[in-house]
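Below is one structure, written out as structure tokens; comments come after it.
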2 protein chains.
Amino acid sequence: MARSRSALLTTPAVPAPSFRDQILQGHCVSQMEMLPAGSVDVIFADPPYNLQLAGDLHRPDQSKVDAVDDAWDQFESFQAYDAFTRAWLLAARRVLKPNGTIWVIGSYHNIFRVGASMQDLGYWILNDVVWRKTNPMPNFRGRRFQNAHETLIWASRDSGAKGYTFNYDSLKAANDDVQMRSDWLFPICTGGERLKDEEGQKLHPTQKPEALLARILLASTKPGDTVLDPFFGTGTTGAVARRLGRHFVGIERDVDYIEAAERRIAAVEPLGAESLEIFGGKRAEPRVPFASLLEAGLIEPGTRLTDAGRRHVAHVRADGTVAVAGEAASIHRVGAKVQGLSACNGWTFWHVEAEGELRPIDELRRLVRERMAQRPA
Amino acid sequence: MARSRSALLTTPAVPAPSFRDQILQGHCVSQMEMLPAGSVDVIFADPPYNLQLAGDLHRPDQSKVDAVDDAWDQFESFQAYDAFTRAWLLAARRVLKPNGTIWVIGSYHNIFRVGASMQDLGYWILNDVVWRKTNPMPNFRGRRFQNAHETLIWASRDSGAKGYTFNYDSLKAANDDVQMRSDWLFPICTGGERLKDEEGQKLHPTQKPEALLARILLASTKPGDTVLDPFFGTGTTGAVARRLGRHFVGIERDVDYIEAAERRIAAVEPLGAESLEIFGGKRAEPRVPFASLLEAGLIEPGTRLTDAGRRHVAHVRADGTVAVAGEAASIHRVGAKVQGLSACNGWTFWHVEAEGELRPIDELRRLVRERMAQRPA
DNA sequence: CGACGGACTGAATCGTAGA
DNA sequence: GTCTACGATTCAGTCCGTC
């Protein structure tokens, strides 16, 4: 039975679904089954890794490595782990919106089984992403490569899913104007960020860094979206979601973790709306019909358009089409036609002569947009 | 029926097995079944990735991407691909010595299925290794992260396998005396290394870089060992094995690929005993996304940035862009815009106020680089 | 001779709003 | 649900021709 925990954000203007910004106590599958279908935008899942550690591991100085040996990471067999994996992935898929996406993190112990199950259940992988650790634990025995990364799988609910959120332009702008790659570099969660108990022992064995969650949420959600974390632990997802103006739903079995997560999330200061706007690039600009340039008097019917190399010439007609050799169509179609291509961006292809210089008609479109911004339609 | 190809190395002192240093023509499973059980030290496998590409893809300049659409990469379903995968993995396991290891390379399209099958068949994963590409193909439509890596799985034949070869000390010595990590950085195979036909077209669509194979063989084999490649293609594994004084066995269906591989391998000059590290050289300083400063907590969303003369002010947003008068873009674009220039280095232009002093954000970038100091090369 | 610019290329699961 | 038109989208190279 679910125990509804205290809401952590103030009441929004529109009545919010009752499950938002709460931590549900219980098993991830049964709790997800109680959530409405198609109700969350993004899922982040950090499931048990099924580490299968045989004996204790000691450092060269004979100190014992504090391994992940919790009960929740014990499975009888690969088969049992697969059954668990399919069960929660299936329940998660029901809760996800049709255009929602899911992130799952794992290591080589489990990620291959998880990825295969995701494909089997109909999820469509968009990327695998590598979290490269700046400060991974060394391999103390010297028998393998230093295990310096973990793997994330980013997938949409269905193979044909359209319209999932990917903030391509803001990621690119934040990355020196080159597109964000599939390999990310972050330190592991240590220091003040790592939650500790009264004796200074780490509260959770696999707490993830907030920077990792921030990258994920900034890439694949918009402010106001809801992110579900079915393995909530000590609430990294909730803390980052709250700071970034996203809603969260957490599911966690362990009451101690839930209490730590609630304290942690309540202490988070949400950022203001002005800091949360997402840079959308050209895609986010309002669409301007070419005809608007004529209506605004920026271009006269009969004007000659040429490409940058003055190889092609077209004439503007009063109806907002352009003509080459008597054949008229949109600026895009005609631009494609004269180049023998299947597509063309007429805004950047065509130019007008102004004071002896060629200027792309895209400049005129920008003028129209600026005027529109001052006088919204 | 196998067609035994010409031996490529001179006769060693001890009579060598007849299958060594040859390319066997035929299907990988039937050919492996004809090899003696427990006869090879290492297997390197670069199986079809099952890319499942739907339509054509064009670059922004409208040129068409030359996709991998070969018949050998077409499978009816995941089920068919899994059956193929299990068959060759099973045959490979029989040929492997009890203390041998196997490497398999793949992308997110297939590697999860391959990894799960390996675990199901009894292989024991030692590491997954990420090949980070210095120069991957971009994501032309801006709909996903740039797919900038491929994944390798390194596994022993059995879970309890003892005594597999791992040249820990030489790898560490070759890596500035720190352990070799699980993320490797190499360029893709281009230029003079890429085999071309008479018309200058690439001979094989997925030729792997020799540096990658050299790292693999130097890590997990000893001179004189035998490495089997059941998807030999144009023989990168054979060429590198011969140069490094290892024996090879290649299996390939396509006669044209075999002939190209034979010519290639015959031209290889075997080295002496000295080690070979191809891409260990200097790297440019790692690119640091501006977003990393936020992720590291060195800059808060909402922070004011100014230029050295305090003429311009910009506000940092959570997505890693900066805004002036409501218009947001990268630190570089906004820096250029406020100055009326076409370009600007935002790292040196923008400053933050700290204890009454202005400090360029480049100083914060240097801090991030210091924290992230590591040697993934 | 070198410098520079333009063309070309690589394992790729690469639209969407509005009618 | 389908159909149509809009119009957005690339990084690190190598190679070759021109200046």
Side-chain angles (χ1 to χ4, degrees), chain A residues 99 119 123-128 154-156 159-164 166 168-169 172 175-182 280-290 309 321 329-333 335-336 341-350 361-362 365, chain B residues 46-70 72-73 75 78 105-111 131 133-151 187-194 196 200-202 204-209 231 233 284 287:
Chain A
N99 63 347
Q119 292 179 311
Y123 288 106
W124 192 249
I125 300 179
L126 299 168
N127 280 113
D128 60 338
W154 182 43
S156 60
S159 77
K162 302 284 180 205
Y164 60 85
F166 179 58
Y168 174 81
D169 293 293
K172 182 176 172 179
N175 191 39
D176 272 24
D177 292 318
V178 293
Q179 52 184 217
M180 189 68 79
R181 295 169 45 114
S182 58
K282 283 174 99 172
R283 282 180 166 100
E285 296 278 298
R287 183 161 295 183
V288 174
F290 178 65
T321 60
S330 72
I331 48 172
H332 314 294
R333 291 302 167 101
L341 298 173
S342 61
C344 164
N345 184 342
W347 290 109
T348 52
F349 179 72
W350 294 113
I361 58 175
D362 205 27
R365 179 170 65 162
Chain B
D46 182 12
Y49 287 9
N50 189 26
L51 286 188
Q52 302 178 282
L53 304 176
D56 288 344
L57 178 65
H58 294 89
R59 299 185 180 82
D61 65 4
Q62 303 295 332
S63 63
K64 186 166 164 244
V65 174
D66 183 19
V68 177
D69 54 1
D70 304 70
W72 49 254
D73 198 42
F75 293 86
F78 282 134
I105 186 168
S107 67
Y108 66 84
H109 309 82
N110 71 322
I111 197 65
W131 167 28
K133 303 179 184 184
T134 58
N135 49 353
M137 191 190 290
N139 183 290
F140 294 116
R141 303 301 295 265
R143 297 298 303 155
R144 304 181 177 191
F145 299 97
Q146 183 182 29
N147 197 1
H149 74 276
E150 295 190 23
T151 301
I188 61 176
C189 183
T190 58
E193 188 184 324
R194 188 89 193 214
K196 307 273 172 60
Q201 298 300 302
K202 61 189 174 193
H204 191 284
T206 70
Q207 186 182 338
K208 295 293 178 289
F231 305 95
R287 188 191 304 278

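First the proteins, then the strands, lettered A, B, ... as listed; each starts at 1. Nothing here was measured: the structure is a model prediction, and the numbers come from that model.
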To the nearest Å, how far apart are N147(B) CG and dC11(D) P? 15 Å

Nearest to side-chain heavy atoms of R194(B), which nucleotide of dA12(C), dT10(D), dA11(C): dA11(C)

Before accepting this row, confirm whether a basic side-chain N of the pair K202(B)/D66(B) lies closer than 4.0 Å to the acidic partner's carboxylate O. yes

So, is K172(A) near the phosphate of dT10(D), with a side-chain N or O under 4.0 Å from OP1 or OP2? yes

Specify the separation, in whole Å, of atom CG of N345(A) and atom C1' of dG15(C). 14 Å

How far does the C1' atom of dT16(C) sit from the matching atom of dG1(D), given to the nearest Å? 16 Å

Tell me what A67(B) touches on the nucleic acid: a base, only sugar-phosphate, or nothing, going by heavy atoms under 4.0 Å. base

W72(B) near the nucleic acid: base, sugar-phosphate alone, or nothing, with a heavy-atom cut-off under 4.0 Å? base

Any N/O donor-acceptor pair, K208(B) side-chain to dA11(C) base, under 3.5 Å: yes

Under 4.0 Å between a side-chain N or O of H332(A) and OP1 or OP2 of dC6(D)? no

Using only modelled atom types and a 3.5 angstrom limit, is any donor from either the side chain of R365(A) or the base of dG7(D) paired with an acceptor on the other? no

dT9(D) and dA12(C), which share atom name C1', separated by this distance in whole Å: 14 Å

Would you indicate which nucleotide in dT16(C), dA12(C), dA11(C) comes nearest to any side-chain atom of R143(B)? dT16(C)

Counting side-chain heavy atoms from C-beta on, which of dG10(C), dT9(D), dA11(C) comes nearest to P138(B)? dG10(C)

Considering only the C1' atoms, how many Å lie between dG6(C) and dT10(D), rounded to the nearest integer? 16 Å

Taking the side chain of D46(B) as its heavy atoms from C-beta onward, which of dT10(D), dA11(C), dA8(D) lies nearest to it? dA11(C)

Given atom NE2 of H58(B) and atom C1' of dG7(D), what is their separation to the nearest angstrom? 15 Å

Would you mind classifying the nucleic acid contact of I125(A) as base, sugar-phosphate or nothing, using non-hydrogen atoms under 4.0 angstrom? base

Point-to-point distance, once rounded to the nearest 0.5 Å, from CG of L57(B) to CZ of R141(B): 7.0 Å

Tell me, which stems hold DNA chain C, with a stem being 3 or more Watson-Crick or G-U pairs in a row and both distances under 3.5 Å? C:2-10 with D:11-19, C:15-19 with D:2-6

For R59(B) and for R144(B), locate the closest nucleotide of DNA chain C by heavy-atom distance; then report the residue assigned to the nucleotide nearer the 5' terminus. R59(B)

Do you see a donor-acceptor pair shorter than 3.5 Å between the side chains of S330(A) and H332(A)? no

Once you round it to whole Å, what is the distance between P of dC11(D) and CZ of F140(B)? 9 Å

T190(B)-R194(B) side chain donor-acceptor pair, cut-off 3.5 Å: no

Reckon S107(B) touches a base, only the sugar-phosphate, or nothing at all at heavy-atom distances under 4.0 Å? nothing

What class does the angle between the rings of F145(B) and F166(A) fall in, given that below 30° is parallel, 30 to 60° is tilted and above 60° is perpendicular? perpendicular

Regarding S330(A), tell me which of base, sugar-phosphate or nothing describes its non-hydrogen contacts under 4.0 Å with the strands shown. sugar-phosphate

Working for side chain to side chain contact (heavy atoms under 4.5 Å, CB included), residues V178(A) and K172(A): CA-CA 5 Å; V178(A) 293; K172(A) 182 176 172 179; 5.6 Å; no

What interatomic distance, in whole Å, is found between C1' of dG10(C) and the corresponding atom of dC6(D)? 30 Å

Round to a whole Å and report the spacing from CE of M180(A) to P of dT10(D). 14 Å

With respect to the side chain of D169(A), which nucleotide from dT9(D), dT16(C), dA5(D) is positioned closest? dT9(D)

Could you state the atom-to-atom distance from CD of Q62(B) to P of dA8(D) in whole Å? 13 Å

When the distance from CG of L53(B) to P of dC14(C) is rounded to whole Å, what number comes out? 7 Å

Could you walk me through whether N175(A) and R181(A) pass the side chain to side chain contact (heavy atoms under 4.5 Å, CB included) test, one step at a time? CA-CA 9 Å; N175(A) 191 39; R181(A) 295 169 45 114; 5.6 Å; no

Is there a side-chain contact between T206(B) and V68(B) in this structure, where contact means two heavy atoms from C-beta onward sitting under 4.5 Å apart? yes

So SG of C189(B) and NE2 of H204(B): to nearest 0.5 Å the spacing works out to 11.0 Å

Of R333(A) and Q179(A), the one whose nearest nucleotide on DNA chain D sits closer to the 5' end is R333(A)

Once you apply a heavy-atom cut-off of 4.0 Å, does P47(B) come out as touching a base, just sugar-phosphate, or nothing? base

Let me know the distance between CD1 of I111(B) and P of dA11(C), rounded to the nearest Å. 16 Å

Tell me what G163(A) touches on the nucleic acid: a base, only sugar-phosphate, or nothing, going by heavy atoms under 4.0 Å. sugar-phosphate

Interatomic distance, L51(B) atom CG to D73(B) atom CG [nearest 0.5 angstrom]: 4.5 Å

5' to 3', nucleotides 12-19 of chain D under a 4.0 Å protein heavy-atom cut-off (B base, S sugar-phosphate only, - none) gives SSSS----

With a 4.0 Å cut-off, would you call E285(A) and R365(A) a salt bridge? no

Ring centres under 6.0 angstrom apart (W124(A), Y164(A)): no

Between W131(B) and I188(B), is the side chain to side chain contact (heavy atoms under 4.5 Å, CB included) condition met? List the steps. CA-CA 10 Å; W131(B) 167 28; I188(B) 61 176; 4.1 Å; yes

Taking only the side-chain nitrogens and oxygens of Y164(A), find out if one of them lies under 4.0 Å from OP1 or OP2 of dT16(C). no

When the C1' atoms of dA8(D) and dA11(C) are compared, how many Å lie between them, rounded to an integer? 25 Å

Pick base, sugar-phosphate or nothing for C189(B), based on heavy-atom distances below 4.0 Å to the nucleic acid. nothing

Closer than 4.0 Å, any side-chain N/O of K202(B) to the OP1 or OP2 of dT9(C)? no

Quantified in whole Å, what is the P atom distance between nucleotide dC16(D) and nucleotide dC1(C)? 16 Å

